[in-house]
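First the structure, in the form of structure tokens, and then the observations on it.
Note: hydrogens, waters and symmetry copies are ignored here, and every other heavy atom, side chains too, is used. In each ligand, atom 1 is the first atom listed, and ligand 1 is the first ligand listed.
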Amino acid sequence: MAAWPAITDIAEGVKTGRLKAVEQVKQSLKAIDDAAEYKAIIAKTEKRALERAEELDKRISNGETVGRLAGVPFIAKDNFLAYGADTTAASNILKGFDAPYQATAIERLEDEGAICVAKANLDAFAHGSSTENSDFFTTLNPHDKTRVPGGSSGGSATSVVLDMVPFAIGTDTGGSIRQPASFTGAVGYKPTYGLVSRSGVVAMASSTDVIGPLAKTTKDAAMVLDAMAGQDTLDSTTIERDDSYADLSASLKGKKIGVIKEYMSEGLDKDVKKQIDEAIAKLKEAGVEISEVSLPSLPLALAVYYIIMPAEVSSNLSRYDGQRFGYTYEKAKDLDESYSKSRSKGFGREAKRRIMIGTYVLSSGYYDAYYKKAQTVRTKLINEFNEAFSNVDFLLGPTTPTTAFKIGENTDDPLKMYLSDIMTVAANLTGVPAISIPAGEVDGLPVGLQLMAAQSRDKQLLQLAKAAEALW
Ligand code: GLN
């Protein structure tokens with residue numbers, strides 16, 4: 001399958017009539033079928049996509065003005081409420097759930113003329129780092145079919161890297177956009193918390209959930225962000241946006257980047273480290289001022305995340321009671337049995353594990369020892385990040401400690417699986433924007449470089465990433 005042109009070129013072509021939206025959608029649907037063996041897709045939204053494309057082409061030939069993403073096909077992770085197929089979040093309990101409205105993010109992309117062609121696989125409810133927790137199937141890494149694509153947005157990342165679409169959207173609660181981007185060689189962007197509305201997205205941990213794009217280039221990711229970002233009356237945590245994220249011209253000269261000491265030491269694969277060191281050297285050559293920055297509470301971030309996140313998960317998943325959405329246990333003799341059987345049969349192992357941990361850390365006997373303490377450390381971490389950003393413009397490190405691991409390698413040991421989030425969770429706990437861009441390979445497997453900025457400095461971060469990308 002041929003690579004897609006830049007998003008702006010596709011939209012420009014469609015707007016001028018040189019390209020047809022219908023042809024873009026057909027090309028995308030064909031690429032999805034051709035790469036079916038990678039199992040990146042849960043369902044296609046073929047009928048609706050073709051109808052929308054035809055309508056768009058008609059409007060263009062009638063001389064009507066259309067949006068900046070006219071005719072650009074995309075894939076949404078299956079935890080976005082979208083028309084045209086069920087919304088399952090890759091869980092059995094949501095099978096058959098037909099969304100009554102669409103996520104704001106999807107509505108905004110559609111308003112600009114983008115066309116959703118399919119729903120991508122994920123770890124059920126976005127709990128995971130490999131797509132192996134999907135209740136349906138595991139997605140394969142596009143570079144090596146014996147390896148995972150990362151998670152939880154593994155289907156979205158794979159769909160972009162295999163050129164099924166020019167971009168996909170995902171969610172990042174603790175790294176689920178950046179980690180699969182790193183494992184597959186895509187660009188994955190996690191915006192500042194609140195920059196993109198969470199309305200219509202299946203909630204995981206509401207205080208860290210963000211929505212963002214996966215694409216081949218930073219420029220394309222920024223175009224997508226530009227269409228989605230900004231306040232939304234349906235999500236009271238949304239924040240004001242910058243004027244535009246689409247203009248990314250900026251120089252690297254004089255920018256100050258702090259290399260995160262805690263990420264460059266123990267536990268980091270030495271070949272991954274070599275790639276990151278090479279990237280740092282190139283940034284230096286380009287005039288970036290590099291220094292080392294220490295964030296002493298960082299080693300606690302993973303433990304903090306795995307207390308706060310399950311606490312919020314246990315609360316968010318309580319709405320799946322077998323009565324209102326998706327699956328219901330039919331043979332229950334009363335309502336209580338219906339609740340408990342629908343949940344015990346509908347939820348997978350990982351969702352249950354997180355519900356139990358979350359309920360435990362929130363219980364009156366343990367609240368102070370776990371949840372409250374974790375929130376205290378989270379505040380400490382936020383203060384350390386603020387302090388760091390008063391000295392440097394950006395922070396840098398690897399996205400993950402290793403390249404993509406083998407399918408099955410970590411499934412028996414959840415703690416080992418959780419370790420692959422060690423470098424991504426801090427950005428979620430502190431709400432800062434973070435991006436993973438490809439930076440070389442180790443034995444044919446992509447390495448991701450992670451860059452972060454202070455809250456709401458999304459535009460500056462995207463400018464930096466675009467300029468960095470051009471160096472290698
Ligand atoms: N891998 C992390 C987890 O399992 C992050 C998930 C996410 O960002 N959705 O919780």
Side-chain angles (χ1 to χ4, degrees), residues 76-80 89-91 120-135 138-139 148-157 168-184 188-191 193 196 198 201-214 301-317 347-358 361 374 399-402 404-405 409-411 413-436 448 450:
K77 187 176 179 176
D78 199 21
N79 56 353
F80 283 83
S91 74
N121 194 28
L122 62 148
D123 293 286
F125 288 107
H127 303 163
S129 315
S130 66
T131 75
E132 291 165 296
N133 290 338
S134 166
D135 287 349
T138 299
T139 300
V148 303
S152 59
S153 313
S156 298
I169 52 175
T171 56
D172 192 316
T173 302
S176 278
I177 289 175
R178 290 160 289 152
Q179 188 256 20
S182 171
F183 277 11
T184 59
Y189 191 64
K190 174 224 172 287
Y193 179 78
V196 179
R198 291 178 290 115
V201 180
V202 176
M204 181 178 162
S206 307
S207 80
T208 72
D209 285 349
V210 294
I211 279 115
L214 292 116
L302 195 66
V304 169
Y305 172 75
Y306 275 96
I307 291 170
I308 293 174
M309 175 274 296
E312 295 184 21
V313 160
S314 72
S315 161
N316 275 324
L317 293 188
F347 283 129
R349 276 171 70 88
E350 188 61 24
K352 287 179 189 163
R353 182 180 289 127
R354 294 183 190 215
I355 291 169
M356 285 192 285
I357 296 173
V361 300
T399 308
T400 53
T402 64
F405 47 85
E409 194 177 318
N410 291 335
T411 37
D413 185 351
L415 287 181
K416 234 175 115 202
M417 186 72 94
Y418 297 167
L419 273 177
S420 71
D421 307 324
I422 196 152
M423 290 156 179
T424 49
V425 295
N428 300 80
L429 291 170
T430 58
V432 304
I435 189 167
S436 180
Q450 183 173 212

Do you know which two heavy atoms are closest between [X] and [Y], and how far apart they sit?
X	Y	value
Q179	G151	OE1-N, 2.7 Å
S153	G170	OG-CA, 3.8 Å
M417	F405	SD-CZ, 3.7 Å
S420	T400	O-CG2, 4.1 Å

Report the residue from D209, N316, D172 that forms a side chain to side chain contact (heavy atoms under 4.5 Å, CB included) with M204. D209
S156 and K77: side-chain donor and acceptor closer than 3.5 Å? no
Looking only at N/O atoms, are [X] and ligand 1 under 3.5 Å apart anywhere?
X	result
D421	yes
H127	no
M204	no
Y306	yes
G151	no

[X]: numbered ligand 1 atoms lying under 4.0 Å from its heavy atoms:
X	result
A126	6 (C), 7 (C), 9 (N)
G174	5 (C), 7 (C), 8 (O)
D172	8 (O)

Taking the six-membered ring for Trp and the single ring otherwise, decide whether the centroids of F125 and F347 are under 6.0 Å apart. yes
Could you see which bit of S152 sits under 4.0 Å from ligand 1, with heavy atoms only: side chain, backbone, both or neither? side chain
Does even one non-hydrogen atom of [X] get within less than 4.0 Å of ligand 1?
X	value
Y305	yes
T171	no
R354	yes

Do R354 and Y306 have side chains that get closer than 4.5 Å, going by heavy atoms? yes
Are L419 and P401 side-chain neighbours, meaning at least one heavy-atom pair lies under 4.5 Å? no
Heavy atoms only: which of G128, G175, P414 lies closest to atom 1 (N) of ligand 1? G128
Atom 6 (C) of ligand 1 sits nearest the protein heavy atom S176 OG, 2.8 Å
